[in-house]
Amino acid sequence: MKCIITREAYLKMKYYIESCDDEISGFCKVKKIIDKDNEEIFKIYATEIMEQQVTGVSAIIDEETIAKFLFEKTKKNQSTAPYRVWWHSHCTMNSFWSVTDDTTIDESTEFPYLISIVSNHKHEMKARIDIFEPIRITQKLDIIIEDFDDLTLKRKCKKEVKK
């Protein structure tokens, strides 16, 4: 399986990570596409962050903040169903699945599936999908990035991280 990260979604994730000296996390939307070879492709778009407590080894978004985020989307008649991507950074450490990451994913079974991405300041990325129904399956995802730099978006992301 593979995932395509749109240019804007990738750049926002990249710039959020570069703009934060600590770990940082957020969510993206995803849609499943079936290609001409009948293969499932997950297209990731619309990267977002919200208020969180960050340190060199953690990025915690509390349940109240997540509930408020989902409520605001619902209030604007926006579907929350596409938010099935959780991304986070490991700052200057390698990109790997930590015990904390595994626990976070294991506790996210309210979704039929969850795509998780871990990256770092060197822009190393790993992605995986955890399917929870009908049986639990974890599989590595190959990442394809539509990549260009966007300096206006970079400045905007830096401002959001500071906020």
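Treat the numbers as computed from the prediction; the structure is a model and nothing was measured.
Here the options are K2, K31, K32, the test is salt bridge (charged side-chain N to carboxylate O under 4.0 Å, His left out), and the partner is E40; only K32 passes.
Hydrophobic cluster membership is shared by Y16 and L11, with clusters built from Ile, Leu, Val, Met, Phe, Trp and Tyr side chains linked at under 4.5 angstrom. Two different hydrophobic clusters hold F111 and F42 under the rule that ILVMFWY side chains link at heavy-atom gaps under 4.5 Å. With hydrophobic clusters built from ILVMFWY side chains whose heavy atoms lie under 4.5 angstrom apart, V85 does not share a cluster with F132. Cluster annotation: I135 and I115 are assigned to the same hydrophobic cluster (Ile/Leu/Val/Met/Phe/Trp/Tyr, side-chain heavy-atom contacts under 4.5 Å, transitive). Follow the hydrophobic side-chain contacts under 4.5 Å out from V57 and you never reach W87; the two are in separate clusters.
Between the side chain of D35 and the backbone N or O of D37 there is at least one donor-acceptor pair closer than 3.5 Å. The backbone N or O of T47 sits less than 3.5 Å from a side-chain atom of K12, completing a donor-acceptor pair. A donor-acceptor pair under 3.5 Å is absent between the side-chain atoms of H88 and the main chain of A59, judged by distance alone. A donor-acceptor pair under 3.5 Å is absent between the side-chain atoms of S58 and the main chain of I60, judged by distance alone. A donor-acceptor distance shorter than 3.5 angstrom exists from the side chain of D22 to the backbone of G56, with no hydrogens or angles considered. Remark: the backbone N or O of K122 is paired with a side-chain donor or acceptor of N120 at under 3.5 angstrom. Between the E133 side chain and the I131 main chain, no donor and acceptor come within less than 3.5 Å of each other. Looking at H121, its side chain never comes within 3.5 Å of a backbone N or O of H90 through a donor-acceptor pair. Listed for the T103 side chain is a donor-acceptor partner under 3.5 Å among the backbone atoms of V99.
Of the inter-residue distances, the one linking M13 atom CE with I24 atom CD1 reads 11.5 Å to the nearest 0.5 angstrom. Rounding to the nearest 0.5 Å places CH2 of W86 at 10.0 Å from CG of D130. Rounding to the nearest 0.5 Å gives a distance of 12.5 Å between SG of C157 and NZ of K162. A distance of 5.5 Å separates CD in E51 from OG1 in T65, rounded to the nearest 0.5 Å. Here the straight-line distance linking atom SG of C3 with atom CD1 of I129 works out to 9.0 Å at 0.5 Å rounding. Here the CD atom belonging to E18 is positioned 4.5 Å from the NZ atom belonging to K154, to the nearest 0.5 angstrom.
Between Q52 and S25 there is a side-chain heavy-atom pair separated by less than 4.5 Å. K29 places none of its side-chain heavy atoms less than 4.5 Å from the side chain of I44. The closest side-chain heavy-atom distance from T80 to T74 is below 4.5 Å. When side chains are defined from C-beta on, K156 does not count as touching Y15, because their heavy atoms never get closer than 4.5 Å. Put simply, the side chain of R128 reaches to within 4.5 Å of the side chain of W97, judged on heavy atoms. Residues V30 and K43 fail the side-chain proximity criterion, which asks for heavy atoms closer than 4.5 Å. Under the 4.5 Å side-chain criterion, counting only non-hydrogen atoms from C-beta, D106 is in contact with R136.
Figure legend: K73 and Y83 shown without cation-pi pairing, the cationic atom not lying both under 6.0 angstrom from the six-membered ring centre and within 45 degrees of its axis.
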Let's go through K126 and D101 carefully: what are the C-alpha distance in whole Å and the side-chain angles of both, what is the deciding distance for salt bridge (charged side-chain N to carboxylate O under 4.0 Å, His left out) to 0.1 Å, and is it a yes or a no? CA-CA 12 Å; K126 290 186 183 285; D101 299 340; over 6 Å; no
Is there a salt bridge (charged side-chain N to carboxylate O under 4.0 Å, His left out) between D62 and K68 once you walk through the steps? CA-CA 10 Å; D62 65 42; K68 183 178 177 185; over 6 Å; no
Please determine whether side chain to side chain contact (heavy atoms under 4.5 Å, CB included) holds for the pair R84 and Y113, giving the CA-CA distance in whole Å, both sets of side-chain angles, and the decisive distance to 0.1 Å. CA-CA 7 Å; R84 300 211 191 297; Y113 67 88; 3.7 Å; yes
Output, in order, the C-alpha distance, side-chain angles, deciding distance and verdict of side chain to side chain contact (heavy atoms under 4.5 Å, CB included) for M125 and I17. CA-CA 12 Å; M125 281 186 135; I17 291 168; over 6 Å; no
Chi angles and distances behind the side chain to side chain contact (heavy atoms under 4.5 Å, CB included) call for I117, I5: CA-CA 11 Å; I117 298 172; I5 305 175; 4.0 Å; yes
In sequence, state the C-alpha distance, the side-chain angles, and the governing distance for R155 and L151, and then conclude on side chain to side chain contact (heavy atoms under 4.5 Å, CB included). CA-CA 6 Å; R155 284 190 294 277; L151 298 179; 3.9 Å; yes
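Around CD of E39, the count of heavy atoms belonging to other residues, nucleotides or ligands within 6.0 Å exceeds 12. With a 6.0 Å radius and a threshold of 12 heavy atoms from other residues, nucleotides or ligands, E124 has its CD atom above the threshold. No more than 12 heavy atoms of other residues, nucleotides or ligands sit less than 6.0 Å from atom CD of E64.
The pair K163-E160 does not count as a salt bridge, with every side-chain nitrogen at least 4.0 angstrom from each carboxylate oxygen.
Counting all heavy atoms, side chain and backbone alike, I145 lies closest to I143 at CG1-CG2, 3.6 Å.
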